[in-house]
Structure formats: C-alpha cells, structure tokens
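Okay, so here's the structure we're looking at.
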Amino acid sequence: MARIDITDIEMARSRIAGRVLRTPLVPAGPLSRELGVEVALKPEFLQETGSFKLRGATNAMLSLDAATRARGVVTASSGNHGPALACAANRLGVSSTICLSEMVPENKIANVRANGGTPRVEGRDYAESLDICMGLVRDQGMHLVHPFDDPMVASGAGTIGLELAEDGEGLDCVLVPLSGGGLLAGIATAVKARASGIRVIGVSMERGASMLASLQAGKPVDVQELETVADALGGNIGLDNQWTFETVRDLVDDCVSVSEDQIMDAMRLLFRAQGLMVEGAGAVGIAALMSGAVQTKGRAACVLSGRNIAPETFLDILSTQEGSA
Ligand SMILES: *Cc1c(COP(=O)(O)O)cnc(C)c1O
C-alpha cells in the first residue's frame, strides 16, 4: 500500500522552509463566542498564492532534478493548485502549463497568469481537464505534478499537520477541507504520528463529494462534478487513486458534509466575527461546527485553506441575509 509517512513530511518541511509561510494557529475569540465552542484558525489563505497549495507544489518542484525541470511541468487544477504550481515553478525558472476546466472561476484563471503560468482552459469539468493534461504529458513530455494524488504534494500539505501538532496543545479536533484528499491525508499522517489525541475530520460540500462517495463504496468511485460555492473542492479522487484514498480511509476519524447554505453562512460569519474573507472551500470547517455536523467538547482548529474568491461573488454572498438563502 502506498503511504507517505512522518519522515516524508519532515523532509518536506526542511525543503520548503523559507519559501512557504509557517502559519500561526490563531485563537478566534469573537467567532468562538458566536459558536459556543473554542475555535482556533490556521490561516493558510495567507500563503503567497492565496491557498495552502503552495506547500505541496513547492515541495514537488524542489524535489525534481534539472532534466525533469527542463521539460516543463503541467497539471490539471480546480483552481488553486494551478497558481501554486505556476508560482513554485516560476521561482525556479521552470515553465508551467495549467489545465483548467470551464467550471473554474475567472479569478482563478487570472491567478495562474499572475503567477507566471500558462493557463489552458478546456473541458467541461475537472475530469476532462485532467485528460487534456495527460495528453500533454504523453505528447509533449511535460512532467505531471498531480494536484493531490502525489506523495510530494501530500507531504507538503502535511507540513500543516506538523505545525498543528506543535501549536495545538489541548486541541480536541482539527477540521480539514476535503476534495481529492492530499491535504487531509497529509495532515492526518502528521497529526496521528505527533499528536494522536487530536481527532482529524474531513469536511466536503454535499454537492459532488467524491471522497465521501468513495469511502461509502469502500473503493474509489466517480461522481458528477456539480456547481458549488466551494468550487475548489470539485473533481473526482480518481478511479486509479494511488495515495490519498487508503490514507484517508485508515487514518481519518470522521468525514462529514455541509450544504451550500451552511457554507455561505460560515463565510458570512467569518467576515462578520473575524473580518476574514475566505472562499467557500476554506469555510467548510466553520460550516461543520455551525451546523452541528461536527460536535466538539474541547477546542477545535479549522484550516482556512484559501481566499481566492472573486470580490463581486464574495460581496453577493455577504449581502444575502444569513440563513435565508
Ligand atoms: C485544493 C483545495 C482543498 C482540498 O485539497 P485536497 O488535497 O484536494 O483535498 C481545500 N481547500 C482549498 C481552498 C483548495 O484549493
């Protein structure tokens, strides 16, 4: 069985040190009072490209040899791995091609360009953009850096778990946004090795949650990708999933889902209580606490995984009344 371990994550940490922020674990007083549970926030949206994905992309890029770098890198992205890979590649003088489907919001495509990558917008959903990406690997010899099902990418994301284990004295649980599962597999690997008392919980949106369907089926299954305010969580884990499915199945304490309304309520609350703008995918942990999908007796940490939402979309959500949508 393919598994990353704590050594991979320690190595990732030393590789990416100085290139990626070590984020603090921030107590959130106003939010905690609103929710009636003590909440701490891991602000991964502060990373250079606006999401935690810079950790995995940087770890993957730094571990490539010169000959591989010279071929250029390619990926398919639901919108945040793309800019992160573009940024990590660009810093090393490596060219990057980022395949994005027509479901990816315009601001995320612009974020690829702003970070020095070449976006290629084609395909109806993530699955089709991944097919196009694999074609470039086959025909042009570019190197694939998969958005989640790659040990270097998951190990890079796992450095968040090391930091949580160090800073999270007395935590009852950590809530982690879940799509392909690189973030959750990485964090679970680190937390279970270093602070096994902390429960690790994955949170997906109800609409098109591939990992949840796969866990239920006992093997990777495909679901249809649907429009969701948590657009960064769209896409399948892959029928040929190598790294994330088994790790999530074996190490994670629980996985839950939240509705679109609950995610938007969480975004409004994060803004109102803490003055924070996060994208839908970044708010699902708060949504799970608000909705009661996750019950906690002690302190909960939420990974706020990204902030890349178009300002006009965010303002629309803010101006809709809480709980009314
Ligand atoms: C990619 C992403 C996730 C989920 O990461 P996976 O490793 O695919 O599970 C969560 N939040 C944001 C903002 C993302 O971009």
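Both ligands and their constituent atoms are indexed starting at 1 by order of listing. We use all heavy atoms of the structure for the numbers below, so side chains are in, but hydrogens, waters and symmetry mates are not. Everything quoted here is computed from the prediction, not taken from an experiment.
- Ligand 1 does not have G282 within reach: every non-hydrogen atom of the residue lies 4.0 Å or more from it.
- With hydrogens left out, the protein atom closest to atom 8 (O) of ligand 1 is G180 N, 3.0 Å, a heavy atom.
- No more than 12 heavy atoms of other residues, nucleotides or ligands shown are found within 6.0 angstrom of CD on Q295.
- A salt bridge between D8 and R15 is absent, with no side-chain N of the basic residue lying under 4.0 Å from a carboxylate O of the acidic one.
- The side-chain heavy atoms of P177 and L183, taken from C-beta on, include a pair separated by under 4.5 Å.
- Every atom of ligand 1 is numbered from 1 in the order shown, and the set under 4.0 Å from a heavy atom of G182 is 6 (P), 7 (O), 9 (O).
- For E225 (side chain) and A127 (main-chain N/O), no donor-acceptor pair under 3.5 Å exists by modelled atom type.
- Considering only non-hydrogen protein atoms, atom 6 (P) of ligand 1 sits nearest to G181 N, 3.5 Å.
- Taking 4.0 Å as the cut-off, F52 counts as a neighbour of ligand 1 on heavy-atom distance.
- The shortest N or O to N or O distance between A281 and ligand 1 is not under 3.5 Å.
- Not one N or O of G306 is nearer than 3.5 Å to an N or O of ligand 1, by distance alone.
- Between Y126 and F148, the ring-plane angle classifies as tilted under the 30° and 60° cut-offs.
- Counting heavy atoms closer than 4.0 Å to ligand 1, residue K53 contributes side-chain atoms (C-beta onward) but none from N, CA, C or O.
- Using a 4.0 Å cut-off between heavy atoms, N308 makes no contact with ligand 1 at all.
- Tested against D172 for a salt bridge (charged side-chain N to carboxylate O under 4.0 Å, His left out), the candidates K297, R199, R299 yield a single pass: R199.
- In the vicinity of N80, heavy-atom distances shorter than 4.0 Å reach the ligand 1 atoms 13 (C), 14 (C), 15 (O).
- Using a 4.0 Å cut-off to heavy atoms of L233, the atoms of ligand 1 that qualify are 3 (C), 4 (C), 10 (C), 11 (N).
- Heavy-atom minimum distance, L164 versus A301: CD2-CB, 4.2 Å.
- One finds no salt bridge joining K192 and D250 here, because no Lys/Arg side-chain nitrogen approaches an Asp/Glu carboxylate oxygen to under 4.0 Å.
- Ligand-side atoms of ligand 1 in range of S305: 10 (C), 11 (N), 12 (C), 13 (C), range being under 4.0 angstrom from any heavy atom.
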